[in-house]
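Below: the structure, in structure tokens.
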Amino acid sequence: MKRICIWFVALPLLLAGCEQSNETSEKGDEEQFVNDLLQKMTLDEKVGQLCQYTSQWEMTGPTPDAANAQKLEEKLREGSVGSMLNVVGAEATKNAQKIVVENSRLGIPLIFGYDVIHGQKTMFPIPMGEACSWDLELAKLSSSIAAKEAAANGLHWTFAPMMDVGRDARWGRVMEGAGEDAYLGSRFAEARVHGFQGDDLSSENTIAACAKHFAAYAFSESGRDYNVVEIGGESLHNVVLPPFKAAVNAGVATFMNSFNTIDGMPATASVYLQRDLLKGDWGFKGFVVSDWNSVGEMIAHGAAADLKECAQKAITAGCDMDMEGYAYVDYLTQLVENGTVDVQLIDEAVSRILSVKYQLGLFEDPYKYCDVEREKNNIYTSEHREASRKVARESMVLLKNDDAILPIKSSVKSIAVIGPLADDKDSPLGNWRARAEANSAVSLLEGVRAAVPEGVEINYAKGCELATGGRTFSTYLQVNEDDKSGFAKAVKAAKKSELVLLAIGEDAYMSGEGRSQTDITLQGVQKELFEAVVKANKNVVVVLMNGRPLVMPEVVEKATAILEAWHGGSEAGHAIADVLFGKYNPSGKLVMSFPRNVGQIPIYYNYKNTGRPEGKYDEDNLWSNYTDAPNLPQYPFGYGLSYTSFTYAGLKLDKQETGVNGEINLSVKLTNTGQVKGKEIVQLYIRDEVATYARPVIELKGFDKVELEPGESKTIEFKLTDKELGYYFPDGKYVVEPGSFKVFVGGNPHELLQSNFILN
Ligand code: NOJ
């Protein structure tokens with residue numbers, strides 16, 4: 001990054017901080033600058049830097065103190081605001097920035113944050129869908145485009161990526177993560193951080209990323225959002241924390257803590273998580289923002305008596321910035337003045353925030369992201385939409401394809417396109433859609449119409465309604481989901497067509513924050529619509545659009561094919577058509593298991609064996625099972641079909657024994673045995689057979705996405721080292737225990753080649 005030279009006039013006091021020797025290192029420059037600035041700040045100005053407020057025109061949570069919010073402009077003028085969220089647009093951010101820079105004593109620029117979760121205006125598939133591509137370059141690409149658009153919209157900072165490992169499909173926010181596995185989640189965490197931040201935070205096309213929610217938010221009891229979390233140390237360290245640690249190693253600029261308590265301790269007040277682990281052991285140098293009023297919510301948790309105690313606990317624990325909590329602004333100054341909080345804690349938090357602002361280049365030019373021209377040219381470009389289509393294609397998972405009904409044959413001359421989501425131009429945009437225009441996605445119907453050769457008849461019928469179309473709960477309830485009056489037209493369309501595409505699932509707002517469900521089957525009358533359609537025409541291809549794994553036994557049994565398309569973003573309809581008509585051979589694999597029924601939840605592939613595992617006892621014995629359903633899910637993590645077939649052969653290890661600190665090299669031959677080109681996601685799993693703390697039956701430790709022509713073979717290689725072979729004890733210590741290991745390679749966790757080795 002270039003040496004800082006502050007040019008804006010309202011900073012006479014800061015200018016002194018610019019006069020540094022050219023020889024000082026970049027990091028040295030930054031430290032020096034931040035220290036000098038800190039020396040000039042009053043306690044109130046310091047506390048101001050720790051406060052973040054929402055704009056009043058777009059809010060993503062309840063505002064706890066409306067009266068205070070009215071005084072926002074006053075606060076901006078006096079320099080007692082460090083950051084704002086939900087101010088978007090080159091013009092809007094410039095105006096807010098101007099108030100601060102031109103009026104406050106030190107003119108310290110604001111940092112503008114926003115939820116840029118899967119795109120800014122060009123929407124990409126929801127993050128869980130994107131993770132089904134198992135393609136880290138694509139995740140990097142989509143995050144970098146989201147960053148470019150967000151930066152052109154005046155933003156500096158996204159509250160993403162979410163890296164909560166989720167095992168409970170009832171929790172609506174699974175759509176925002178990378179699924180149920182910590183290893184895969186870690187790789188996606190790194191890719192997305194690199195995508196948002198690039199190599200240089202000060203570049204005008206990159207923004208600061210935020211690793212959230214720290215920690216264990218996805219483990220909310222019974223899948224109810226914001227609920228308490230009870231989790232042991234072994235799961236915390238091996239399942240929840242690895243993606244966060246990976247994000248730190250990838251250089252993530254910020255962290256967000258979480259709403260939940262963990263074994264009674266609010267994450268926001270956790271000294272262990274934020275100070276000892278994150279800023280201590282992991283050496284994180286950025287800053288931690290609270291979640292929306294997670295500081296104040298400690299009162300409701302019963303973990304603080306009042307807002308003053310909330311402020312004291314949060315700052316002590318290492319929560320640097322208070323998002324919309326009004327605890328820091330109201331109480332930190334007096335807590336320091338009466339000796340309850342050491343001013344060093346404040347100084348440390350302020351320094352961390354100023355450092356990130358410095359890295360973004362805001363002291364060099366506070367308006368550098370507020371460029372109206374760039375905003376006009378860099379957003380929603382055809383190049384971005386083309387990238388979105390590519391990512392969407394690779395995110396889809398083919399769950400069933402009987403009689404090779406897909407890809408649709410050129411002999412098919414009539415297609416019915418049916419379902420509440422078939423011509424929905426809004427739901428594909430997904431839940432966290434930032435600045436996407438409502439109804440701007442390509443619908444399935446539009447995609448199919450654009451893809452079919454001339455002369456093919458398209459018979460469209462909506463069939464029924466699906467909940468929302470609106471953003472709030474009041475609009476959520478406005479449609480009649482029980483109405484079956486559209487069934488007759490749907491049945492007629494199905495009858496007169498050779499093949500049916502039935503688009504069902506969830507609309508955009510059935511998943512996401514605050515959208516937990518106890519029933520994750522198809523909502524409304526979609527099941528009945530499916531039954532009616534399948535009765536009229538047995539060639540039914542179900543196209544699922546949804547934000548979480550669904551339970552749909554009737555569809556699994558009777559549909560001829562099922563394509564999981566998620567909420568696929570701006571170009572969803574074109575991307576789905578690419579897959580349906582064989583322009584793209586589907587290659588996605590699930591990153592979250594689909595349960596057979598809600599009673600199986602939490603369900604995940606890397607479970608640990610019980611003392612009475614499946615297969616060990618016959619039916620006359622009591623063993624760990626259900627009497628009304630199998631133990632295994634409907635579709636597991638790692639599962640997904642292709643239009644071609646792959647075979648695995650000759651799994652080889654370069655040695656049968658190795659020592660701790662050694663390595664094992666593996667190879668396997670993969671062949672495309674089908675008729676068309678395709679991509680396969682090769683998965684490597686291990687099992688540590690005997691350990692101090694029982695290890696999962698299999699755990700993912702590597703993967704590779706490989707494209708092969710028909711008949712082509714390739715040798716795929718993996719390496720296993722201490723990094724993959726060890727695990728965390730419940731106290732957080734990483735250990736590599738000697739003993740025997742199994743290794744497995746294949747294209748889905750239920751069909752794997754295996755071998756074994758000894759670690760001495
Ligand atoms: C609450 C959500 O939990 C968090 O993920 C989001 O970034 C903030 N609200 C800000 O909108």
Side-chain angles (χ1 to χ4, degrees), residues 51-64 69 82-88 111-120 126-128 143 146 150 153 155-166 171-178 189 192-193 196 207-220 223-229 243-244 247 252-262 266-268 286-298 300-301 319-326 430-435 471-472 509 511-516 547:
C51 298
Q52 184 188 53
Y53 304 105
T54 182
S55 78
Q56 295 302 294
W57 51 93
E58 181 171 351
M59 291 184 274
T60 44
T63 301
S83 173
M84 287 194 71
L85 73 155
N86 301 332
V87 183
V88 189
I111 173 171
F112 294 105
Y114 196 49
D115 290 291
V116 185
I117 308 296
H118 52 105
Q120 175 70 356
I126 54 167
M128 183 172 63
S143 309
N153 256 168
L155 297 164
H156 311 137
W157 176 25
T158 173
F159 305 125
M162 184 187 101
M163 48 198 64
D164 295 297
V165 172
W171 190 58
R173 297 195 81 169
V174 291
M175 48 111 0
E176 256 182 274
R192 287 172 173 157
V193 168
F196 284 124
I207 57 176
C210 180
K212 74 185 189 186
H213 305 84
F214 199 55
Y217 179 39
F219 274 63
S220 60
R224 177 154 50 81
D225 208 358
Y226 318 117
N227 204 359
V228 302
V229 171
F244 290 100
V252 72
T254 72
F255 258 59
M256 184 186 290
N257 58 33
S258 56
F259 288 121
N260 53 287
T261 56
I262 304 177
T268 308
F287 71 86
V288 179
V289 63
S290 76
D291 203 343
W292 186 292
N293 191 32
S294 69
V295 177
E297 288 185 6
M298 283 195 256
H301 283 304
C319 170
D320 303 305
M321 186 180 275
D322 176 8
M323 179 196 287
E324 269 296 304
Y326 293 90
N431 180 287
W432 281 105
R433 57 190 45 201
R435 281 299 156 119
R471 184 154 192 167
T472 61
Y509 295 112
S511 53
E513 186 179 352
R515 306 300 205 259
S516 294

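Remember, it's 1-based here, ligands and their atoms both numbered in the order they're listed. All values below come from the heavy atoms of this structure, side chains included, with hydrogens, waters and symmetry mates left out. Quick note: residue numbers are just sequence positions, from 1.
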- prompt: Is there a heavy atom in M162 that sits closer than 4.0 Å to ligand 1?
  reply: no
message: Distance under 4.0 Å to a non-hydrogen atom of D291: what atoms of ligand 1 satisfy this?
response: 1 (C), 2 (C), 3 (O), 4 (C), 6 (C), 8 (C), 9 (N)
- request: For F159, counting its heavy atoms only, list the atoms of ligand 1 lying under 4.0 Å from any of them.
  value: 7 (O)
task: Please state whether the rings of F259 and Y217 are parallel, tilted or perpendicular, taking 30° and 60° as the class boundaries.
output: perpendicular
query: Heavy atom of E176 under 4.0 Å from ligand 1?
result: no
message: Counting C-beta onward and ignoring hydrogens, is there a side-chain heavy-atom pair between M162 and I117 closer than 4.5 Å?
response: no
- prompt: Can F259 be said to touch ligand 1, with heavy atoms closer than 4.0 Å?
  reply: yes
query: Distance from H118 atom NE2 to S143 atom OG, nearest 0.5 Å?
result: 12.0 Å
Numbered atoms of ligand 1 (with element) below 4.0 Å of H213, judged on heavy atoms: 3 (O), 4 (C), 5 (O)
message: To the closest 0.5 Å, what do you measure between CH2 (W157) and CZ (F287)?
response: 3.5 Å
Close N or O approach (W292, ligand 1; < 3.5 Å): no
query: Can you name the nearest heavy-atom pair linking R192 to P127, along with the distance?
result: NH2-O, 3.0 Å
Results of salt bridge (charged side-chain N to carboxylate O under 4.0 Å, His left out) for D320 - residues two or more places apart only: K279
Numbered atoms of ligand 1 (with element) below 4.0 Å of E513, judged on heavy atoms: 1 (C), 2 (C), 3 (O)
message: Test of understanding: given a 4.0 Å heavy-atom threshold, classify the contact between E324 and ligand 1 as side chain, backbone, both, or neither.
response: neither
message: With respect to W432, determine whether any N or O atom, backbone or side chain, lies less than 3.5 Å from an N or O atom of ligand 1.
response: no
message: Once rounded to the nearest 0.5 Å, what's the spacing between atom OH of Y509 and atom CG of N431?
response: 6.0 Å
- prompt: Sequence neighbours excluded, which residues qualify as side chain to side chain donor-acceptor pair (under 3.5 Å) partners of D291?
  reply: none
query: Within the structure, does K212 bring an N/O atom to less than 3.5 angstrom of an N/O atom in ligand 1?
result: yes
message: So for ligand 1, is Y217 a polar contact partner (N or O within less than 3.5 Å, distance only)?
response: no
